[in-house]
Asker: 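After the structure tokens below, expect a handful of questions from me.
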Amino acid sequence: MANVNVAVDRIKTLAATLEEVGFVGEIETDLALRAAMSTDNSVYQIKPDLVVAPRNAADLVRLLDVIDQPPFADVAITARGGGTGTNGQSLNTGVIVDLRRHMNGLIAIDEREGWADVQPGMVLDDLNEQIRETGWFFAPETSTSTRCTIGGMVSTDASGKGSRIYGKTSDNILGLEIARPQGLLDSKQPVPQWARAMLHSAETVARQGKVAFVANTPRLNRRFTGYDLERACADDGRFEWWRLFLGAEGTLGIISAIRVKLRRIEREKRLIVAGFEDFRLALASAAPLIKADPTAVEVMDETVQAIAEDAGILNRLPVTLRAGAGQKVAYVFIELNGDDPAHLQVKLDDCRRILGSLAGVGAIHVASDRAEIAELWAIRSAGVGLLGKVDGPARPIAFVEDAVVPPENLPAFVDEFLDILRDNGLGFGIYGHVDVGCLHIRPALNVDKAEDRARMVAVSDAVFALTRKHGGIFWGEHGKGLRGAYLRDWIGAEAYSALQGIKAAFDPEGRFNPGKLVTNKVPIMGIATTPFRAFNEPEGDPLTLAFRCNGNAQCLSYTKTTPMCPSFKATADIRYSPKGRADALRTWHKARREADADLPVLEKDLMATLDKCLGCKACASSCPVQVDVPTMRQAFMADYFKRHRRPLADRLVMMAERFSPAMMRLVPLLAPIWPMASKIGGWLTASEDLPRRMARPPQGLHLREEDLRPGHLPDNTVIIAQDWFTALFDGAVQRQAIAGFTALGYDVRFLPMRPGGKVALSLGETAGFRRMADALSSQLHAAATTSLPIIAVEPAFAMMLRQDYAKAGIALPHVFLPQEFLAVEADRREFPKANHDSPIKLLSHCTEATALPQTGVLWKRVFAAMGLETTTPSTGCCGMAGLFGHQRRHQPMSRRLFDLSWRSHVESEDTIAATGYSCRCQAKRFSGTQPNHPLGLIADLLSR
Ligand SMILES: Cc1cc2nc3c(=O)[nH]c(=O)nc-3n(C[C@H](O)[C@H](O)[C@H](O)COP(=O)(O)OP(=O)(O)OC[C@H]3O[C@@H](n4cnc5c(N)ncnc54)[C@H](O)[C@@H]3O)c2cc1C
Ligand code: SF4
Ligand code: SF4
């Protein structure tokens with residue numbers, strides 16, 4: 001039965017039986033993975049007993065066949081795609097089937113007829129990227145397109161911007177294949193004998209229940225789906241069983257393949273952004289604007305505008321659209337797509353005319369350049385994204401966030417909706433798709449508190465009633481999840497009984513995602529009776545951020561060229577993502593406090609997930625709530641290693657960092673024996689490709705005591721601060737830094753190297769870190785008395801000084817990155833000109849790219865001052881990340897990450913430079929060519 005965990009012995013037997021029958025994918029009871037699978041973007045948490053990741057459809061059949069056996073007759077089975085559900089859709093006890101990990105490919109595409117067959121775990125953007133060249137695309141657009149899967153979209157009937165024209169997912173599906181214990185049932189093939197009785201029984205109840213179903217479902221563009229009896233019983237008399245699965249949220253079975261209908265990519269695009277003095281007037285624009293037949297009309301209220309304004313996001317808007325001081329603006333975004341520019345112009349003129357006739361319209365901006373349009377949409381999403389980043393214990397949550405009413409009823413509906421929220425004393429921000437009457441409102445609550453849970457139920461009931469009153473649908477976009485508890489009431493007893501008949505036909509024992517949507521044998525899960533996940537930890541707890549992770553899954557992006565999160569990208573395994581790690585850390589926090597019996601196993605599993613974290617810190621910058629996994633890992637390690645002995649490899653690396661100044665002094669003695677020492681070090685620490693040569697420290701360039709006297713060094717001196725690893729082993733970058741700065745007219749001095757404590761910090765040796773950090777801090781403060789610029793050439797080191805030192809409360813003088821210093825200098829004085837006729841390709845270190853998003857722009861300014869053109873392609877992590885990429889156990893992941901987004905750049909004919917030491921090493925060992933540091937490239941180009 002749902003919500004009841006299965007005895008450990010039976011799960012073990014189930015796992016063993018799966019292995020016996022040749023299940024090829026992973027079968028796992030790992031506690032960190034189960035923690036990661038126990039949450040989505042909702043407020044709920046349900047821990048599964050087993051997670052399986054099938055390799056293919058045959059594996060799914062094996063799984064279902066085993067689970068159908070009598071000993072496992074009551075084990076629940078629930079499919080999971082991207083896990084981006086907002087209402088607990090994919091959470092359950094029993095077995096969770098992870099379709100995202102392996103079953104995520106394109107099976108076939110027919111470019112003539114315009115369809116594609118995909119595996120259910122394929123990510124929406126991945127599909128559209130893979131087929132872009134063909135001129136086709138899959139139209140339903142979710143804001144989670146970087147991480148939600150087609151299987152999840154089909155099962156929640158997802159939609160988004162443009163749905164008035166393109167429809168919901170259910171309007172864009174041509175057929176399904178589902179897995180059953182007996183085999184695969186494909187809607188495009190003749191029905192096999194074993195499936196006939198099942199389909200016959202479904203057809204009988206569907207036909208019986210159709211009239212009551214139709215009578216109770218409003219005739220809206222965003223139609224009601226999930227067990228859609230109306231469409232399954234087609235007007236021409238056919239019975240299309242597979243249509244029952246669209247929006248069924250895995251409660252009828254598991255989809256193993258999907259045929260999607262494709263649409264032609266339209267050649268032309270326009271976007272109008274209009275400012276309104278009042279949100280209600282902005283809402284009222286929807287009904288008249290629809291007459292111009294736009295592709296999409298979206299709104300953003302004054303609250304979102306104000307938050308975005310405060311965060312500086314709206315600085316990127318055209319000046320005319322900006323609000324004046326103290327002024328508030330609601331924005332309407334109107335998108336128009338088509339192939340014929342003349343036709344589009346007519347629509348555009350219609351929209352302008354309509355806008356001109358409406359009350360409250362302020363500035364209007366029209367964009368026709370695709371890049372500008374993308375930027376304007378990005379500004380809107382960034383503003384909306386900030387709604388989730390709220391300080392304090394009450395935070396916006398999803399439970400009434402996607403109601404749909406006829407667009408003409410929207411203003412009245414919203415007035416009453418806001419009354420409900422005000423009556424309950426709740427804060428909110430609003431945005432949404434007004435052309436289809438769908439608004440997104442997430443009231444802020446603290447679900448740790450019983451009174452807020454009661455308010456959640458009160459608001460939910462009231463909004464449900466209000467939506468009905470206005471002829472709408474309570475679940476207009478995000479699916480039902482636990483809000484399926486309202487379904488019986490909404491659809492009426494007769495139609496619900498037909499839905500129960502459908503459930504009984506496909507799932508007689510109630511095994512698939514039990515307790516959701518439609519049930520026969522088990523109670524329906526309630527919106528307030530299902531376990532809530534812990535929401536808050538007292539401020540100041542080192543794991544606070546793990547509690548603030550809201551599961552929006554931005555960190556589960558498949559995109560190869562964005563930095564977050566490399567370990568997830570390389571594995572497609574949620575436990576190796578910031579979200580997964582936050583979930584596991586929260587679970588550990590509770591287990592540790594309560595001295596749970598599972599603690600030793602949990603710690604082993606947690607350690608394994610943290611071990612695969614590259615420490616790149618992309619999560620600390622790119623996650624909307626800055627879930628900083630490396631910092632939390634330090635806290636965990638510090639606690640854990642108070643109770644356990646550290647591994648030898650960790651101790652050796654920590655010692656190397658600590659004694660690096662001594663090693664530095666002994667370079668002349670150590671250098672001849674270093675090749676052998678490095679081999680032994682590699683063997684002891686199970687590492688590969690450790691540096692075989694030591695760097696010869698630059699002669700006569702170290703800052704001396706007397707140099708600290710004001711005016712002792714020339715004004716054009718730059719002081720370089722180095723981390724211990726590059727100081728000891730990267731002679732090339734030292735030479736390149738000297739040559740680059742010298743070529744640009746500077747004198748260079750090096751601070752005597754002091755380790756920053758990065759290794760100690762990352763391994764949770766906080767006392768050691770503090771000692772090293774204090775010493776380095778004193779040294780930097782002393783250097784700052786010269787008033788000369790201090791520059792860290794290695795981005796990972798510079799970012800550590802900025803991020804980790806600040807977190808540890810250590811104030812430092814400003815330490816520049818070279819591009820920050822040189823970009824300002826380039827405005828101040830003339831740089832020598834270089835002669836090079838092709839653009840420079842600059843590849844940034846991922847930590848730098850996420851923490852300092854303008855890094856590429858700064859380098860462009862520097863190179864432009866020398867008359868050089870620069871491109872700054874986006875890349876993910878190179879896979880090295882300090883010692884990570886050297887550790888033998890991480891070799892496959894490290895290489896895979898390099899292949900994802902670095903190899904093609906490094907192996908191209910372009911002139912490239914890479915800012916990070918790790919990235920340059922990685923390029924050398926996997927491609928055989930070592931790019932220069934940009935300063936090296938500058939020296940090289942200026943010397944030609
Ligand atoms: C920040 C945010 C923004 C969102 N914006 C939108 C939006 O713009 N539009 C929108 O429609 N939704 C939106 N959503 C909701 C969510 O992204 C969609 O519902 C999405 O379609 C879910 O896909 P998924 O792969 O994550 O599915 P999951 O959450 O993993 O699963 C969803 C349901 O589908 C079932 N399922 C998954 N795969 C299968 C399968 N192979 N066979 C049978 N059942 C299966 C699961 O059991 C579950 O019930 C948003 C969510 C978030 C967090
Ligand atoms: S870690 Fe950040 S990006 Fe990932 S799910 Fe949590 S809040 Fe979202
Ligand atoms: S530090 Fe990097 S690898 Fe680790 S969780 Fe964050 S984004 Fe992922």
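Every number for a ligand or one of its atoms is a count from 1 in the order of the listing.
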Asker: If you compare all heavy atoms of Ala257 against all heavy atoms of Ile107, which two are closest, and at what distance to 0.1 Å?
Answerer: CB-CD1, 4.1 Å

Asker: Please verify the inter-ring angle class for Tyr166 with Phe137; under 30° counts as parallel, over 60° as perpendicular, anything in between as tilted.
Answerer: perpendicular

Asker: Indicate the ring-plane relationship of His440 and His478, choosing parallel, tilted or perpendicular according to the 30° and 60° boundaries.
Answerer: parallel

Asker: Which of the numbered atoms in ligand 2 are below 4.0 angstrom from a heavy atom of Asn552?
Answerer: 3 (S), 5 (S), 7 (S), 8 (Fe)

Asker: Do Ile254 and Ile77 pass the side-chain contact (heavy atoms from CB on, under 4.5 Å) test, and can you show the C-alpha distance, the side-chain angles, and the key distance before you say yes or no?
Answerer: CA-CA 9 Å; Ile254 301 189; Ile77 176 159; 4.0 Å; yes

Asker: Short list, please: which atoms of ligand 2 are under 4.0 Å from a heavy atom of Cys555?
Answerer: 1 (S), 3 (S), 4 (Fe), 5 (S)

Asker: Would the Phe547 and Phe535 ring centres measure less than 6.0 Å apart?
Answerer: no

Asker: How far is atom 6 (Fe) of ligand 2 from its nearest protein heavy atom, and which residue and atom name does that atom have?
Answerer: Cys549 SG, 2.4 Å

Asker: For Lys168, give me all partners under salt bridge (Lys or Arg N to Asp or Glu O under 4.0 Å), at least two apart in sequence or on another chain.
Answerer: Asp157

Asker: Looking only at atom types and distance, does a side-chain atom of Thr587 sit under 3.5 Å from a main-chain N or O of Asp583, one as donor and one as acceptor?
Answerer: yes

Asker: Taking 4.0 angstrom as the limit and counting only heavy atoms of Asn550, give me the atoms of ligand 2 inside it, by number and element.
Answerer: 7 (S)

Asker: Nearest protein heavy-atom contact for atom 2 (Fe) of ligand 2: which residue, which atom, what distance?
Answerer: Cys623 SG, 2.4 Å

Asker: Within ligand 2, which atoms have a heavy atom of Ala553 less than 4.0 Å away?
Answerer: 5 (S), 8 (Fe)

Asker: Considering the heavy atoms of Gln554, write down every atom of ligand 2 situated less than 4.0 Å from one of them.
Answerer: 3 (S)

Asker: Does the ring of Tyr44 carry Arg533 above it, NZ/CZ under 6.0 angstrom from centre and within 45° of its axis?
Answerer: no

Asker: May I ask you to decide if the ring planes of Trp902 and Phe898 are parallel, tilted or perpendicular, using 30° and 60° as cut-offs?
Answerer: parallel

Asker: Report the relative orientation of the aromatic rings in Phe474 and Tyr486; use parallel for angles under 30°, tilted for 30 to 60°, perpendicular for over 60°.
Answerer: perpendicular

Asker: Listing by chain and number, which protein N, O or S atoms are under 2.8 Å from atom 4 (Fe) of ligand 3?
Answerer: Cys613 SG

Asker: May I ask you to list the atoms of ligand 2 that are less than 4.0 angstrom from any heavy atom of Val625?
Answerer: 7 (S)

Asker: Is it true that Arg223 and Asp228 make a salt bridge, defined as a side-chain N closer than 4.0 Å to a carboxylate O?
Answerer: yes

Asker: Heavy atoms only: give me the nearest Ser90-Gly83 pair and the separation to one decimal.
Answerer: OG-CA, 4.1 Å

Asker: I'd like the contact residues of ligand 1, where contact means a heavy atom below 4.0 Å.
Answerer: Asn41, Thr78, Ala79, Arg80, Gly81, Gly82, Gly83, Thr84, Gly85, Thr86, Gln89, Ser90, Leu99, Pro120, Thr142, Ser143, Thr144, Cys148, Thr149, Gly151, Gly152, Met153, Ser155, Thr156, Ala158, Ser159, Glu249, Gly250, Gly253, Ile254, Ile255, Glu477, His478, Asn513, Asn552

Asker: Considering the options Gln803, Glu848, Gln626, which one meets the side-chain contact (heavy atoms from CB on, under 4.5 Å) requirement together with Ser621?
Answerer: Gln803

Asker: Out of all atoms in ligand 2, which are within 4.0 Å of some heavy atom of Pro624? Include the element for each.
Answerer: 3 (S)

Asker: Taking side-chain contact (heavy atoms from CB on, under 4.5 Å) as the definition, give me every residue that meets it alongside Lys612, ordered by chain and number, with sequence neighbours left out.
Answerer: Tyr576, Arg581, Met893

